[in-house]
Amino acid sequence: MAEIILKNIKKIYDNSYTAVHDFSLEIKDREFIILVGPSGCGKSTTLRMIAGLEEISSGEMYIGDKLVNELPPKDRDIAMVFQNYALYPHMSVYKNMAFALEMRKMPKEEIHKKIMETAKSLDITSLLDRKPKALSGGQRQRVALGRAMVRQPSVFLLDEPLSNLDAKLRTQMRAEIKELHRKLATTFVYVTHDQTEAMTMGDRIVVMKDGYIQQADTPQELYNNPVNTFVAGFIGSPQMNFISARVIGDKEKIRLKIYDALFDVPKETIEKNHLRNVVNTDVIFGIRPENTHLTDENRNSVNTKIEICELMGDSSYIHMKIGEDNIICKYPSLFSGKKGDIVKINFDMEKALFFDRETGVRI
């Protein structure tokens, strides 16, 4: 049983800087949880508190049914994989994997069996006699995972383990770590600043900013129903478009004014976004690039100026500007337009979201 419960966890350093504020989360047994956010948001500090490498300033933390606030790392039944792999450079791969088991006084025959089984599953059997300096980044990552696996912990903690790998290898290792989680059937807590890793790997994602949880939910729910502009902008690549707009009309008929253009708003969108409560109010209109389209129609469209086009092979990202607002349109094929061209765009209004202009909170 490896459920992790964090109740009102706070981390305050000696200089009075608060890195984590009132962090409360229940991580289910065998769940794959991702902590994501920009640098300095508190995600690695939270992971290190779970590991016992950082002291908890206040709050309670449970692993299983055991309060672990004062429990040393070695007694928490966790294994941690670090960003820099933290392999012992003077030891062979075999010795790196055996070290923790030898410290537990495990019989040599059992150690050898565990190492060989783990090495086979990670395809690193041929590397067991090498030193870390003779390995590639991907091989070192597999060894670091293997060293954690042989301990058979209840909880795996992974702190940005793929950040030192190239793009192709990161994609491969994402799939391998996800498959590893399935095979081991244990709890994974994974820290990253890469929202693509978060979206493709996690059962749930915890989005953090400035030491606070902004939202914790499934990848799809975060993408479709972000609670504020920070989550909406952080989850999704390219990020959501945010456009200055005004809700106009009355209780019967509501339209959206974007600069000098008017847009009809479907009834379902009005109800979903509670727009009747913000009639004649300035708002932030949020729309994903894939729901932003070029059009020849004059109705329900607005003029924009092309800034740059990114050709992605099977599609294009068209960067445009309306007033002071930057907008990206995902175009489903190659686009031949050039900087300075004026084009019309419209939006899938049924996919629109609306946010408070002052607080950024979803309306």
Side-chain angles (χ1 to χ4, degrees), residues 11 19-20 23 27 31-54 73 78-89 93 96-97 122-124 127 130-149 153 155-182 184 186-211 213-214 216 219 222-223 230-231 233-239:
K11 176 61 183 180
V20 178
F23 189 104
I27 302 172
E31 190 172 19
F32 199 132
I33 280 281
I34 305 275
L35 306 182
V36 68
S39 297
C41 72
K43 57 189 184 295
S44 289
T45 301
T46 302
L47 194 77
R48 291 174 64 83
M49 286 192 286
I50 295 173
L53 301 176
E54 290 279 3
I78 56 96
M80 190 160 179
V81 179
F82 296 90
Q83 179 179 356
N84 61 359
Y85 317 131
L87 300 174
Y88 299 114
V93 169
N96 264 280
M97 294 174 69
L122 291 171
D123 195 23
I124 57 173
L127 309 178
R130 295 191 196 177
K131 298 282 181 65
K133 66 181 180 181
L135 305 178
S136 68
Q139 290 169 336
R140 291 180 191 178
Q141 185 59 73
R142 285 190 176 87
V143 173
L145 288 168
R147 186 178 59 180
M149 285 172 60
V155 179
F156 273 82
L157 306 177
L158 301 99
D159 190 5
E160 305 215 36
L162 307 184
S163 60
N164 292 330
L165 304 181
D166 61 58
K168 181 179 179 181
L169 196 51
R170 277 203 306 272
T171 301
Q172 179 184 336
M173 289 301 298
R174 283 204 305 263
E176 291 185 10
I177 290 175
K178 188 66 177 171
E179 176 62 15
L180 182 63
H181 173 254
R182 188 192 66 78
L184 297 178
T186 190
T187 307
F188 274 45
V189 185
Y190 187 108
V191 160
T192 182
H193 65 274
D194 186 332
Q195 63 89 25
T196 301
E197 284 182 24
M199 290 292 287
T200 56
M201 297 174 72
D203 298 326
R204 279 192 301 153
I205 302 172
V206 181
V207 182
M208 296 183 67
K209 178 189 177 187
D210 298 332
I213 294 177
Q214 299 295 302
L222 288 178
Y223 191 81
F230 178 81
V231 176
F234 198 86
I235 298 296
S237 180
Q239 75 162 41

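Just so it is clear, the values below take in all heavy atoms, side chains as well, and ignore hydrogens, waters and symmetry mates.
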Smallest heavy-atom separation, A51 atom then L157 atom, equals CB-CD1, 3.5 Å
Locate the shortest heavy-atom distance separating L53 from P73; write the atom from each residue and the value. CD2-CG, 4.0 Å
For P132, run the side chain to side chain contact (heavy atoms under 4.5 Å, CB included) check against V143, V93, N96 and tell me which one passes. N96
Does the side chain of V191 come within less than 4.5 Å of T46's, by heavy atoms? no
So, H181 side chain and T186 main chain: donor-acceptor pair closer than 3.5 Å or not? yes
Under a 4.5 Å cut-off applied to non-hydrogen side-chain atoms, are L127 and R142 in contact? no
Taking all non-hydrogen atoms of both residues into account, name the closest pair between G202 and I34 and its distance. CA-CG1, 3.5 Å
Crowded around D123 CG? As in, over 12 foreign heavy atoms under 6.0 Å? no
Side chain to side chain donor-acceptor pair (under 3.5 Å) contacts touching residues 130-140 (sequence neighbours left out): S136-Q139
Side-chain touch M80/R48, heavy atoms, less than 4.5 angstrom: yes
Give, for atom CG of L122 and atom CD of E176, the distance between the pair rounded to the nearest 0.5 Å. 8.0 Å
Rounded distance [0.5 Å steps], CG in L169 versus CD in Q141: 8.5 Å
Quick one, T196 and R170 - any side-chain contact, counting heavy atoms below 4.5 Å? no
Nearest 0.5 Å, please: how far is CZ in F188 from CD1 in I177? 7.5 Å
To the nearest 0.5 Å, tell me how far L158 CG sits from F82 CZ. 10.5 Å
For the OG1 atom of T200 and the CG atom of D194, what is their distance to the nearest 0.5 Å? 8.0 Å
Check for a donor-acceptor pair, side chain of K43 on one end and backbone N or O of G37 on the other, with a separation under 3.5 Å. yes
Which atom of G42 lies closest to which atom of V20, heavy atoms considered: O-CG2, 3.7 Å
Run the side-chain contact (heavy atoms from CB on, under 4.5 Å) check on M201 and T192 step by step: do they pass? CA-CA 11 Å; M201 297 174 72; T192 182; over 6 Å; no
Could you tell me which non-hydrogen atom of I124 sits nearest to which non-hydrogen atom of M97, and how far apart they are? CD1-SD, 4.0 Å
Roughly how far, to the nearest 0.5 Å, is CD of E197 from CE of M173? 10.5 Å
Under 3.5 Å: donor-acceptor pair, side chain of Q195, backbone of G236: yes
Side chains of V207 and F230: does their closest heavy-atom pair fall under 4.5 Å? yes
Please report the shortest heavy-atom distance between F234 and V36, naming the atom on each side. CE2-CG2, 3.4 Å
Within the structure provided, determine whether F23 and M208 are in side-chain contact (heavy-atom separation under 4.5 Å). yes
